[in-house]
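Here is the structure we will look at.
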Amino acid sequence: QVQLVESGGGLVQAGDSLRLSCAASGGTFSKYAGGWFRQAPGKAREFVAAIDWSGEHTMYAESVKGRFTIARDNADNTIYLQMNILKPEDTAVYSCAADRLYMAIWRRDGNPDYWGQGTQVTVSS
């Protein structure tokens with residue numbers, strides 16, 4: 001019942017910042033948990049960040065903790081990922097996801113019901 005459209009990716013230098021956006025439509029987005037995942041060529045998809053439906057609870061991968069911030073604006077039906085102090089190892093396709101259950105986002109064996117198309121983030125040295 002939810003469609004997700006991502007934007008904000010691009011090419012930046014190490015140390016720069018980017019903000020990714022995930023716009024939702026087609027459902028009661030304000031009641032869905034959301035999150036961000038990333039996948040580099042030849043590597044498995046990995047969890048980046050999660051946020052519950054209220055926006056009061058968040059979770060981050062250790063590799064991005066202190067640099068990335070996930071947030072949401074339910075009035076605008078959007079989930080954001082603010083990425084600061086970017087490193088070359090952050091280079092990947094970033095995808096947003098949503099599910100009625102928060103645990104479907106943050107659990108290693110979770111399977112979110114809805115996914116965006118992905119947006120490329122490239123960080124040069």
Side-chain angles (χ1 to χ4, degrees):
Q1 296 181 348
V2 176
Q3 293 80 48
L4 307 174
V5 179
E6 303 164 353
S7 62
L11 173 62
V12 298
Q13 294 184 330
D16 286 351
S17 297
L18 277 176
R19 187 178 72 164
L20 305 183
S21 298
C22 178
S25 63
T28 53
F29 171 75
S30 62
K31 300 301 182 182
Y32 284 75
W36 290 90
F37 298 78
R38 67 186 183 186
Q39 187 170 24
K43 298 181 64 178
R45 184 179 65 196
E46 64 175 338
F47 168 80
V48 175
I51 189 167
D52 79 329
W53 69 270
S54 71
E56 297 179 356
H57 302 279
T58 59
M59 189 176 300
Y60 298 92
E62 286 295 325
S63 59
V64 306
K65 191 174 299 182
R67 299 187 298 120
F68 291 10
T69 302
I70 188 170
R72 68 188 301 160
D73 184 349
N74 287 341
D76 202 34
N77 297 322
T78 304
I79 292 178
Y80 301 96
L81 184 68
Q82 178 67 45
M83 305 183 292
N84 298 327
I85 320 176
L86 283 162
K87 305 175 180 180
E89 52 262 45
D90 294 319
T91 296
V93 174
Y94 284 71
S95 300
C96 64
D99 198 282
R100 290 184 176 87
L101 300 177
Y102 188 33
M103 67 175 68
I105 305 298
W106 60 261
R107 284 173 60 102
R108 287 188 176 272
D109 60 346
N111 292 292
D113 285 337
Y114 305 103
W115 291 87
Q117 78 283 4
T119 184
Q120 177 71 46
V121 173
T122 302
V123 185
S124 63
S125 300

Connected via hydrophobic side-chain network under 4.5 Å: Val93 and Val121: no

Sequence neighbours excluded - salt bridge (charged side-chain N to carboxylate O under 4.0 Å, His left out) pairs with any residue from residues 108-118: Arg107-Asp109

Residue pairs fulfilling salt bridge (charged side-chain N to carboxylate O under 4.0 Å, His left out) with at least one residue in residues 54-67, sequence neighbours excluded: Glu62-Lys65, Arg67-Asp90

Spatial distance of atom CD (Gln13) from atom OG1 (Thr122) [nearest 0.5 Å]: 13.0 Å

Over 12 non-hydrogen atoms of neighbours within 6.0 angstrom of CD in Glu89: yes

Heavy-atom side-chain proximity of Ser95 to Gln39 below 4.5 angstrom: no

Spacing of CZ belonging to Arg100 relative to OH belonging to Tyr114, to within rounding of 0.5 Å: 5.0 Å

Nearest-0.5 Å distance that lies between atom CH2 in Trp53 and atom CG in Asn74: 8.5 Å

Note, Thr119 side chain near Leu20 side chain (heavy atom, < 4.5 Å): yes

Atom pair OG1 (Thr58) and OH (Tyr102), whose distance is rounded to the nearest 0.5 Å: 6.0 Å

Where Ala40 and Ala92 come nearest, the two heavy atoms and their spacing: N-CB, 3.9 Å

Intermediate values then yes/no, side-chain contact (heavy atoms from CB on, under 4.5 Å), Trp36 and Cys22: CA-CA 9 Å; Trp36 290 90; Cys22 178; 3.8 Å; yes

Pairs touching residues 76-87 that satisfy side chain to side chain donor-acceptor pair (under 3.5 Å), sequence neighbours left out: Ser17-Asn84, Gln82-Asn84

Nearest heavy atoms of Leu4 and Ala24, plus distance in Å: CD2-CB, 3.8 Å

Atom of Leu86, atom of Leu18 and distance for their closest heavy-atom approach: CD1-N, 4.0 Å

Non-hydrogen atoms of Met59 and Trp106 that approach each other most closely: SD-CB, 3.5 Å

Row check, Tyr94 ring normal vs Arg38 NZ/CZ: under 6.0 Å, within 45°: no

Check: Trp115 ring centroid to Phe37 ring centroid under 6.0 Å: yes

Closest contact, heavy atoms only, Asp99 versus Ala104: CG-CB, 3.5 Å

Taking every non-hydrogen atom, the tightest pair across Ala50 and Ile105: CB-CG2, 3.5 Å

